[in-house]
Amino acid sequence: MLAVRRSIALAVTVLLVTGACSSGDDDETAATTTTTEAPGTTTTEDRPSTTEPAVESLSLTAECTGIGTLDGDAEISWLSGGRIWTAPASGGEERCVARYAGPSMLQWGGAADRLLAGTHSVLVESGVIDVVPDHVDALAWSRPSGRALLARDAEGATSKLSLVGEPPLDLQLPFTEGEVLYHPAGTAIALVSDTEASSAPPDLLLADNRGEDVRWLVTNESADDIDHLAFTADGALVFTARHGDDLHVHRLVLGSSTVENLLATTGVLGSLVTSPYDDELVALGRTGCTDTASQELWLHDASTTGDVAATDAAMGDPVGWLPDGGLVVLVHDDGCDDQPGDLFVVRDGTATLVAADVEAAAVRSQLPPPPPPPPEIEAAPA
């Protein structure tokens, strides 16, 4: 496919291709999403360790008793001191969810009833479950509810791992590197063709949720990298395209012929987060041990958060948006994104400290009904 595409002479830098294709079934909603007991559930109590700690481990203890149910509208969760904590986003007492050692990453599924820590550790309401084999790394939750995880092995093969007892599904995606991300409706997966072994610019593509029917979204002849894929509440795709030292933040309405440029900037990129509740809310962090003049947090729509520049969260990295429009921000020590820092929630121009010495954080909230599935888009040539 790449050989065919590279032979096409493009008159413009960015080209959107639209047309007709067969639509895939939404396997996020086709099967039941309720379970009475998660397979492989384990619970452990505190005891002296007699072996070296595992590369990644997740456990429950007398102090850290599991995720529980989501009682309020949203919670803020964070990793600090080898423990995962959570607290109501509106303020309230924090509680320990689990003990954890491993990569500093937290992701909640769309139903807010399952948590991925690192690349192998999964926690559901009934306890810790073992669903990610040692030879693969989990990448992201399926949508809209999180019945499965996208995972990739050392050779780059991508699969879907079920949390409801279905066998693993090998996805026949055409590339072994680059980002992959579910569309909010659960019927499609966005992916980037990216490999260090190729000098060709990357492509932005869409496949159905079984990894089939791959088609173009954007062909970018000049970008060195396409990264940080994020869908908005209405199903538009936001992503970054780097051209040398220049960084562009684009918004693409799937099926449209227009790529909107939200921001042109430079610097080291941190996180890009969109809101599942508001189409216009986008936040971009620019952290990374560089000149602090280039690190100020950028907001596409500051109507709910107010003037972040005047707060302690101004030089932070966005974690996620809350249902009420608040923004959770992690301000790394010394401006370095591999360091812990202070966690804030920003509302109406005021940053409120949630916790200190935080390594990673995530918003726990039940997502609203998803937008419609992507429109039909022309398949790429074989």
Side-chain angles (χ1 to χ4, degrees), residues 38 56-61 63-129 132 138-141 143 145-146 149 163 230 270-271 273-277 283 285 313 316-332 337 339-347 351-368:
E56 184 172 316
S57 64
L58 183 71
S59 62
L60 305 184
T61 69
E63 173 199 9
C64 304
T65 56
I67 62 175
T69 58
L70 184 64
D71 295 328
D73 292 333
E75 293 180 350
I76 300 173
S77 304
W78 66 93
L79 171 64
S80 179
R83 289 169 170 80
I84 300 172
W85 304 85
T86 193
S90 57
E93 184 177 357
E94 65 189 44
R95 59 185 179 85
C96 184
V97 168
R99 298 189 68 171
Y100 170 74
S104 299
M105 296 180 289
L106 300 176
Q107 294 184 53
W108 284 99
D113 61 350
R114 54 202 66 182
L115 174 67
L116 172 67
T119 59
H120 288 81
S121 304
V122 179
L123 186 61
V124 298
E125 291 180 350
S126 55
V128 182
I129 60 173
V132 184
L139 303 175
W141 287 105
R143 295 286 297 271
S145 62
L149 283 161
L163 269 74
S271 298
V273 296
T274 55
S275 170
Y277 307 97
D317 211 17
V319 170
W321 294 93
L322 295 167
D324 64 3
L327 179 64
V328 180
V329 179
L330 178 57
V331 181
H332 300 279
D337 53 11
Q339 297 295 315
D342 293 335
L343 185 66
F344 295 91
V345 58
V346 183
R347 296 185 183 90
T352 303
L353 181 67
V354 176
D357 198 31
V358 171
E359 301 166 37
V363 171
R364 182 188 186 186
S365 61
Q366 192 162 13
L367 298 184

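Because only heavy atoms are used, hydrogens play no part in the values below, and waters and symmetry mates are left out as well, while side chains stay in. Computed from a predicted structure; not experimentally measured.
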CA sep, side-chain torsions, deciding dist, call: Thr119, Val132, side chain to side chain contact (heavy atoms under 4.5 Å, CB included): CA-CA 8 Å; Thr119 59; Val132 184; over 6 Å; no

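- No side-chain heavy atom of Arg114 sits less than 4.5 Å from a side-chain heavy atom of Ile129.
- Closest approach of Ser121 to Tyr100, counting heavy atoms only: OG-CE1, 3.8 Å.
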Quick one: side chains of residues 72-80, donor-acceptor pairs under 3.5 Å with protein atoms, not counting sequence neighbours, listed by atom name and distance.
unit_1: Glu75; atom_1: OE1; unit_2: Thr86; atom_2: OG1; d: 2.8
unit_1: Glu75; atom_1: OE1; unit_2: Arg364; atom_2: NH1; d: 3.3
unit_1: Ser77; atom_1: OG; unit_2: Thr86; atom_2: OG1; d: 3.1
unit_1: Ser77; atom_1: OG; unit_2: Trp108; atom_2: NE1; d: 3.2
unit_1: Ser80; atom_1: OG; unit_2: Asp357; atom_2: O; d: 2.8

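- Smallest separation of non-hydrogen atoms from Glu93 and Pro88: O-CD, 3.7 Å.
- The side-chain contact (heavy atoms from CB on, under 4.5 Å) search around Val319 returns Val328, Leu330, Leu343, Ala361, not counting sequence neighbours.
- Between Ala117 and Ile84 the shortest heavy-atom distance is CB-CD1, 4.0 Å.
- In this structure the side chain of Leu163 reaches within 4.5 angstrom of the side chain of Trp141, judged on heavy atoms.
- Here the closest heavy-atom approach between residue Leu327 and residue Pro318 is recorded as CD1-CB, 4.2 Å.
- Across Glu56 and His120, no two heavy atoms sit closer than the pair OE2-N, 2.7 Å.
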CA sep, side-chain torsions, deciding dist, call: Thr352, Phe344, side chain to side chain contact (heavy atoms under 4.5 Å, CB included): CA-CA 5 Å; Thr352 303; Phe344 295 91; 5.9 Å; no

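- The shortest heavy-atom contact between Ser365 and Tyr277 is OG-OH, 2.6 Å.
- The salt bridge (charged side-chain N to carboxylate O under 4.0 Å, His left out) with Glu63 is formed by just one residue from the set Arg99, Arg95, Arg83; it is Arg83.
- At least one side-chain heavy atom of Leu322 sits under 4.5 Å from a side-chain heavy atom of Val363.
- Between the side chain of Gln366 and the backbone N or O of Asp113 there is no donor-acceptor pair closer than 3.5 Å.
- Within the structure, disulfide (SG to SG under 2.5 Å) contacts touching residues 63-107 (residues at least two apart or in different chains) are Cys64-Cys96.
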